[in-house]
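Comments concern the structure below.
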2 protein chains.
Amino acid sequence: MARPREFDTDTAMQGAMRVFWMKGYAATNLPDLLSAMGITRGSFYKAFDDKESVYLAALDYYDDKIVSTVVERLSAGTDDSASACLAPLFACTGDAADKGCFICNAMVELAPFNAKVAERTGRMAERVRAAIEDVLRRFDIGGNDTHRRELSTLVLHLYFGFHAMGRASRVHGDWQARLSRLFGEAAPA
Amino acid sequence: MARPREFDTDTAMQGAMRVFWMKGYAATNLPDLLSAMGITRGSFYKAFDDKESVYLAALDYYDDKIVSTVVERLSAGTDDSASACLAPLFACTGDAADKGCFICNAMVELAPFNAKVAERTGRMAERVRAAIEDVLRRFDIGGNDTHRRELSTLVLHLYFGFHAMGRASRVHGDWQARLSRLFGEAAPA
DNA sequence: ACGATTAGGAACCATTTGGTACAAAACAAC
DNA sequence: GTTGTTTTGTACCAAATGGTTCCTAATCGT
């Protein structure tokens with residue numbers, strides 16, 4: 001061992017995730033990335049390979065921190081309706097407020113051209129879909145397993161489209177009322 | 001008058017639309033764009049302003065050609081169910097097969113940073129939503145106007161999410177069955 | 001204390017970027 | 001055919017890009 005690293009890898013990765021999440025891969029140049037990570041070129045290329053590998057690591061970080069949190073919230077939801085339990089998917093607070101969904105952004109920008117991105121985003125999307133399916137199962141929505149799976153895919157698409165539009169306008173309308181009717185729940189007060 | 005233009009503006013714009021639609025704005029460099037348009041630098045900068053203005057023109061071209069066609073098909077649909085009438089939105093043939101939806105792509109990549117892109121994509125999305133609403137009205141789906149508007153927004157988000165995911169994988173599942181159940185239609189044969 | 005080892009930062013590099021300048025070429029008017 | 005006008009293609013440019021080098025400084029093991 002010798003001189004220890006001055007920056008915190010986790011903090012730097014969080015910055016990388018944020019900037020790639022907001023601006024995308026191509027529009028993020030190295031100075032942008034470095035200042036978001038709080039380090040300089042030297043440290044960057046000592047600790048990481050290149051821009052692309054950090055992007056992939058940022059996707060993994062998103063999976064580990066954001067997707068995992070959402071999935072846990074979905075499976076731990078104690079609300080009395082499925083639409084309420086799915087709220088974490090449509091919450092527009094914190095990072096998601098202006099950045100949308102990193103999975104969706106990466107799918108749209110890079111998945112057709114980068115197999116690693118396609119694989120990661122596909123895997124994360126499946127995690128989210130499975131979590132949605134679990135919520136539907138808890139509330140016995142969708143009838144049989146086949147239909148429930150289809151319905152969970154529908155909600156997943158809804159989730160992506162919701163956040164894609166959110167990047168263009170901050171007007172989302174009443175998503176919970178829409179979901180509530182979709183599930184045939186009694187109208188909330 | 002003098003030397004006439006050798007290239008066809010409409011053909012060139014179609015090429016520009018295709019390449020921006022597929023690769024996005026930042027990932028399309030000038031050589032890519034020029035070869036897609038079938039012209040060289042000289043002609044390009046004589047006939048157009050710069051890369052960004054051509055991107056905006058490509059969005060307008062998409063509005064004029066693709067969105068208009070879809071909207072017309074939606075309003076002229078003679079199928080016997082709403083889900084069948086909405087098929088043009090979820091057709092994965094031709095350009096849409098691998099490129100997804102240009103509105104969605106532009107919203108995700110540029111709308112947060114470019115007001116003109118945000119305005120155009122917002123306007124196109126509203127055209128599509130209104131056309132969906134019309135289909136729902138024709139089949140008397142959604143109950144009252146308020147709910148129908150919410151439901152049309154839901155289908156619009158579904159449409160965006162569907163094509164966002166389509167850029168990562170070509171597996172879409174049975175979208176019509178999902179819509180059919182969503183609308184409470186009798187199960188198709 | 002000191003050598004080994006590693007982080008940090010600035011200068012540097014080749015390539016690519018979007019955009020311009022300009023001369024040759026192709027037409028219309030006469 | 002001459003002239004005037006506009007298009008086209010190529011050569012060119014400055015700036016920005018991602019990435020490397022290299023030197024200094026900091027910290028560890030002994």
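Convention: sequence-line order gives letters A, B, ...; per-chain numbering from 1.
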Contacts of E150(B) that satisfy side-chain contact (heavy atoms from CB on, under 4.5 Å) - sequence neighbours left out: D174(A), R178(A)
Less than 4.0 Å between a side-chain N and a carboxylate O, is that true for R120(A) and D63(A)? no
Phosphate contact (dT20(D) OP1 or OP2) by Y45(A) side-chain N/O below 4.0 Å: no
Before we go on, tell me: are the rings of F139(A) and F183(A) under 6.0 Å apart, centre to centre? no
Let me know the distance between CZ of F48(A) and P of dA7(C), rounded to the nearest Å. 11 Å
Taking the six-membered ring where the residue is Trp, are the ring centres of F160(A) and F160(B) under 6.0 Å apart? no
Nearest-Å distance for atom pair CG/C1', residues N29(A) and dG19(D): 14 Å
Roughly how many Å is it from CG in D8(B) to C1' in dT7(D), rounded to a whole number? 15 Å
Measure CG/L30(A) against P/dG18(D) and give the value in whole Å, please. 5 Å
Rounded to the nearest Å, what distance is computed from the CG atom of residue L34(B) to the P atom of nucleotide dG19(C)? 11 Å
A quick test of your reading: do over 12 heavy atoms of other residues, nucleotides or ligands sit less than 6.0 Å from NZ of K65(A)? yes
Provide, to the nearest angstrom, the distance between the CD atom belonging to E52(A) and the C1' atom belonging to dG19(D). 14 Å
Considering all heavy atoms, the nearest R148(A)-E133(A) contact: CD-O, 3.8 Å
Quick test: give all pairs of protein nitrogen or oxygen and nucleotides 8-13 of chain C nitrogen or oxygen below 3.5 Å, distance rounded to 0.1 Å.
residue: dG8(C); atom: OP1; partner: E6(A); partner atom: N; Å: 2.9
residue: dG8(C); atom: OP2; partner: S43(A); partner atom: OG; Å: 2.8
residue: dG8(C); atom: O5'; partner: S43(A); partner atom: OG; Å: 3.2
residue: dG9(C); atom: OP2; partner: T40(A); partner atom: OG1; Å: 2.9
residue: dG9(C); atom: N7; partner: G42(A); partner atom: N; Å: 3.4

